[in-house]
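What follows is one structure encoded as structure tokens, with my remarks underneath.
Worth saying up front: this structure is predicted, and the values here are computed from it rather than measured. These numbers come from the heavy atoms of this one structure, side chains and all, not from hydrogens, waters or symmetry mates.
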Amino acid sequence: MRFAISFLVKCLFSRLLLVFLLLTLPIGAATSQAAGEKKAAQPPMSFILVRSHLCQENCPEWISAEGRITSDTPARLRKILKKIGGRKLPVVFRSEGGDVDAAYAMGRMIRKAGLETAVGGTRLKDCPVGDMRCQAAIAKDGSAVGYTYSSGAYCFSACPLAFAGGTSRVASQWAFIGVHQITTVYNKVRVSYRIEYKIVNGKKKEISRKEVGRKVAGRSSSTKLGKKATAALTAYLKEMGVSEDLIGLMMSATPDSINIVVPADALRMGLSTDMLAYNEWPGMPLCAPDAAADAVCHSHPAAEAPVAAKAPVSKTPVSETPVQDAAADTSGSLPKSRPMDFLLMSNGNCQEECRQWISADGDITPDTPARLKAMLMTLGDRKLPIVLQSSGGDMDAAFAMGRMIRAAGVETSIGRTQLPNCPKLDPRCKASIAKSGSTEGEVFAGRAYCLSTCTLVLMSGTPRIVGYSSIGIVRPTTTEYTTFFAYFDEMGVNAETYETMMPATSTERGSIILPSEALKLGIINGILPYDEEPGLHVCGPEAKESLRCPRKAEVEIVPVAASVN
């Protein structure tokens with residue numbers, strides 16, 4: 001006999017819900033502080049359309065994006081992108097991070113819209129220091145007037161993932177990009193069901209199930225990326241052109257700490273595409289290839305100057321004239337070319353706060369290595385920086401100089417040395433050169449240059465750090481290829497990447513590359529801060545101990561690319 005019985009059963013069980021998010025650091029907190037201190041956390045990210053107040057017309061505009069990234073942040077970003085229409089305005093981030101999935105969505109929206117990104121804070125006009133994006137300064141349409149700053153600005157946690165969406169991605173050496181582990185949070189939920197059964201042939205069979213309640217029953221978390229999370233992160237980085245090496249850096253920092261991505265690593269991994277110069281600010285658009293010298297944009301293209309006269313050498317030199325940066329004073333003519341000489345220079349009174357360097361200025365000729373060797377022998381064990389300024393010259397001589405410098409373990413950089421009482425067109429006039437000991441003078445990174453084969457000498461330094469000077473690269477002849485790239489391997493420079501950047505044909509003229517590009521190649525391994533000049537960090541042996549000369553021995557220098565200011 002068949003019969004049916006209906007009854008109510010409450011059956012309790014647990015299931016896991018996955019939520020991906022990044023724990024973040026309070027503003028200005030030490031990296032060891034707990035991320036759970038919500039009172040110090042940023043409010044949800046907001047977007048403001050800001051116009052620079054530093055000009056009268058055709059003023060640059062940018063989208064200021066500040067605050068925590070939440071699940072509804074992409075919708076807010078979509079709203080402001082719709083508002084600006086087809087205009088390509090940079091997005092300037094200042095954020096402690098937040099929701100990873102939301103950051104992915106933001107990055108893809110930014111890339112699709114073809115926008116640039118930067119790390120920086122925004123201060124609106126007439127706002128107090130403690131509230132730099134005050135509501136009173138924002139118009140009813142959501143726009144405002146203000147300016148951006150780099151110093152102390154940050155993009156942490158999930159923020160770099162959104163930042164990676166930019167077609168151009170820039171930050172200065174005074175801003176911070178930081179990453180850490182992705183935390184997967186598991187919410188345990190207890191669910192109650194109303195289940196109806198019937199008995200058929202003595203066996204219980206479920207005929208309906210309806211949820212009647214649920215309650216959070218606990219939470220757990222893990223910093224171990226599962227397969228799906230790893231695949232999503234890897235695919236996103238590949239899509240944005242960022243190296244998977246970033247994952248290793250992320251996973252090496254716990255959720256309550258942060259790994260600062262130094263500029264050299266950010267450039268190498270493709271997380272950033274360039275560094276802002278000291279006179280450039282976040283929100284500046286990338287310069288067009290034909291940008292005028294006075295255009296308000298970053299990474300101005302280098303302008304070529306006429307070829308300087310070359311000193312006679314035993315073989316056709318690979319040489320090029322100095323190229324001066326767009327912000328430099330280009331008045332006057334270039335000094336006449338002459339064979340390279342070496343001067344022991346000092347800055348200041350050598351009985352007080354004297355700092356010393358070797359100035360190497362002029363064309364590289366076959367006898368230049370012998371002159372360098374004599375200078376190094378004169379110095380003995382003292383390791384003074386060699387500050388170069390040269391249009392290039394003999395390639396074999398440059399190889400010899402580079403190997404000599406590497407063996408001596410001295411620093412190289414680029415700078416123009418000015419002796420006192422010398423005319424502008426003859427900055428190394430003989431009348432001002434000391435007959436014995438060091439010659440007093442000054443050194444500057446601005447408008448300095450190291451072109452053609454001079455770059456082969458520059459890359460031999462340990463370390464090799466430059467300011468915003470001109471660096472030139474050249475293509476060797478067919479017969480020079482083997483020795484040329486063997487030298488690169490010896491110096492630890494990326495020959496394959498260098499080759500792709502070389503000029504197409506000419507061996508007489510070269511191409512100018514940015515310091516950030518030289519950093520990627522390994523030609524240099526550090527960039528000087530804007531307020532420092534090349535060579536001015538090793539004190540003379542007779543200098544008194546002071547703030548500028550903390551000890552009489554050499555003063556150690558840490559390249560900017562390997563430090564956090």
List the residues meeting side-chain hydrogen bond (donor to acceptor under 3.5 Å, both in side chains) with Arg428, not counting sequence neighbours, and say none if there are none. Asp341, Ser359
With side chain to side chain donor-acceptor pair (under 3.5 Å) as the test, would you mind laying out the steps for Trp281 and Ser52 before giving the verdict? CA-CA 11 Å; Trp281 39 268; Ser52 174; over 6 Å; no
Assert yes or no for the condition that the ring centre distance of Phe488 to Phe485 is strictly below 6.0 Å. yes
Tell me the closest heavy-atom pair linking Pro282 and Thr148, and the distance in Å. O-OG1, 2.5 Å
Tell me, please, which residues at least two apart from Cys287 pass side chain to side chain contact (heavy atoms under 4.5 Å, CB included). Ala291, Cys297, His300, Pro301
Can you tell me how far CZ of Phe342 sits from CD1 of Ile358, rounded to the nearest 0.5 angstrom? 8.0 Å
My understanding is that only residues two or more places apart in sequence, or in another chain, count here; which of them pass side-chain hydrogen bond (donor to acceptor under 3.5 Å, both in side chains) with Glu244? none
Tell me, do Ile473 and Ile523 make a side-chain contact under 4.5 Å, heavy atoms counted? yes
Nearest 0.5 Å, please: how far is SG in Cys454 from CE in Met459? 10.0 Å
Do the side chains of Trp357 and Val538 get nearer than 4.5 Å, heavy atoms only? no
Which residues pass the side chain to side chain contact (heavy atoms under 4.5 Å, CB included) test with Tyr147, sequence neighbours left out? His53, Arg123
Mind listing the closest non-hydrogen atom pair of Glu480 and Pro476 along with its distance? OE1-CA, 3.5 Å
For a side chain to side chain contact (heavy atoms under 4.5 Å, CB included) check, start with the C-alpha distance between Arg406 and Thr462, then their side-chain angles and the critical distance, and finish with the verdict. CA-CA 7 Å; Arg406 180 60 61 90; Thr462 53; 3.5 Å; yes
Let me confirm one number: the CZ-OG distance from Arg355 to Ser438, rounded to the nearest 0.5 Å. 14.0 Å
So, Arg403 side chain and Tyr487 main chain: donor-acceptor pair closer than 3.5 Å or not? no
Hey, is CG on Asn421 packed in by over 12 heavy atoms from elsewhere, all under 6.0 Å? no
Could you pull out all residues at least two apart from Thr455 that satisfy side-chain hydrogen bond (donor to acceptor under 3.5 Å, both in side chains)? none
Is Ser172 reaching over with its side chain to a backbone N or O of Leu276, donor-acceptor style, under 3.5 angstrom? no
Between Thr117 (side chain only) and Val91 (backbone N and O only), is there a donor and an acceptor less than 3.5 Å apart? no
Test item: Ile471 and Cys450 side chains (from C-beta on) under 4.5 Å apart, heavy atoms: no
To the nearest 0.5 Å, tell me how far Gln389 CD sits from Ser413 OG. 11.0 Å
Is there a side-chain contact between Leu271 and Leu246, using heavy atoms and a 4.5 Å cut-off? yes
Does Lys88 reach the side chain of Thr167, with side-chain heavy atoms less than 4.5 Å apart? no
Could you tell me which non-hydrogen atom of Leu536 sits nearest to which non-hydrogen atom of Val443, and how far apart they are? CG-CG1, 3.8 Å
Please report the C-alpha distance between Thr483 and Met395 in whole Å, then the side-chain angles of each, then the deciding distance to 0.1 Å, and finally whether the side chain to side chain contact (heavy atoms under 4.5 Å, CB included) criterion is met. CA-CA 10 Å; Thr483 54; Met395 185 176 288; 5.5 Å; no
Whether the side chain of Asp361 engages the backbone of Met340 through a donor-acceptor N/O pair (distance < 3.5 Å, no angle test) should be reported. no
For Val179 against Pro160, the heavy-atom pair lying closest together: CG1-CG, 3.9 Å
Note, Asp394 side chain near Thr453 side chain (heavy atom, < 4.5 Å): no
Say whether, by atom type as modelled, one donor and one acceptor occur between the side chain of Arg94 and the main chain of Ser64 under 3.5 angstrom. no
Smallest separation among heavy atoms of Met491 and Arg464, with atom names: O-NH2, 4.2 Å
Steps toward side chain to side chain contact (heavy atoms under 4.5 Å, CB included) verdict (Leu384, Leu379): CA-CA 8 Å; Leu384 295 185; Leu379 294 174; 3.9 Å; yes
Using the rule given for side chain to side chain contact (heavy atoms under 4.5 Å, CB included), can you reason through Leu344 versus Thr378, listing the C-alpha separation, both sets of side-chain angles and the distance that settles it, and then say yes or no? CA-CA 10 Å; Leu344 174 60; Thr378 300; over 6 Å; no
Minimum heavy-atom separation for Asp363 and Ser391, please, with both atom names. OD1-CB, 3.8 Å
Is it true that a side-chain atom of Glu533 and a backbone atom of Ala445 form a donor plus acceptor pair closer than 3.5 Å? yes
Please check: side-chain N/O of His180 versus main-chain N/O of Ser257, any donor-acceptor pairing under 3.5 Å? yes
Return yes if some donor-acceptor pair links the side-chain N/O of Thr412 with the main-chain N/O of Leu458 below 3.5 Å, else return no. yes
Measure the spacing between OG of Ser150 and CZ of Phe176 and express it to the nearest 0.5 Å. 10.5 Å
Sub-3.5 Å donor-acceptor pair from the side chain of Glu66 to the main-chain atoms of Thr122, do we have one? yes
For Thr439, what residues pass the side chain to side chain contact (heavy atoms under 4.5 Å, CB included) criterion, not counting sequence neighbours? Met345, Leu419, Ile433, Ala434
Please answer whether the main-chain N or O of Leu249 pairs with a side-chain N or O of Asn259 as donor and acceptor at a distance below 3.5 Å. yes
For the atom pair CE (Met401) and CD1 (Ile364), what is the distance rounded to the nearest 0.5 Å? 5.0 Å
Only residue of Val170, Leu286, Leu519 satisfying side-chain contact (heavy atoms from CB on, under 4.5 Å) with Asp274 is Val170
For the side-chain contact (heavy atoms from CB on, under 4.5 Å) test, which of Ile465, Ile414, Val466 pairs with Leu528? Ile465
NZ of Lys373: more than 12 outside heavy atoms within 6.0 angstrom? no
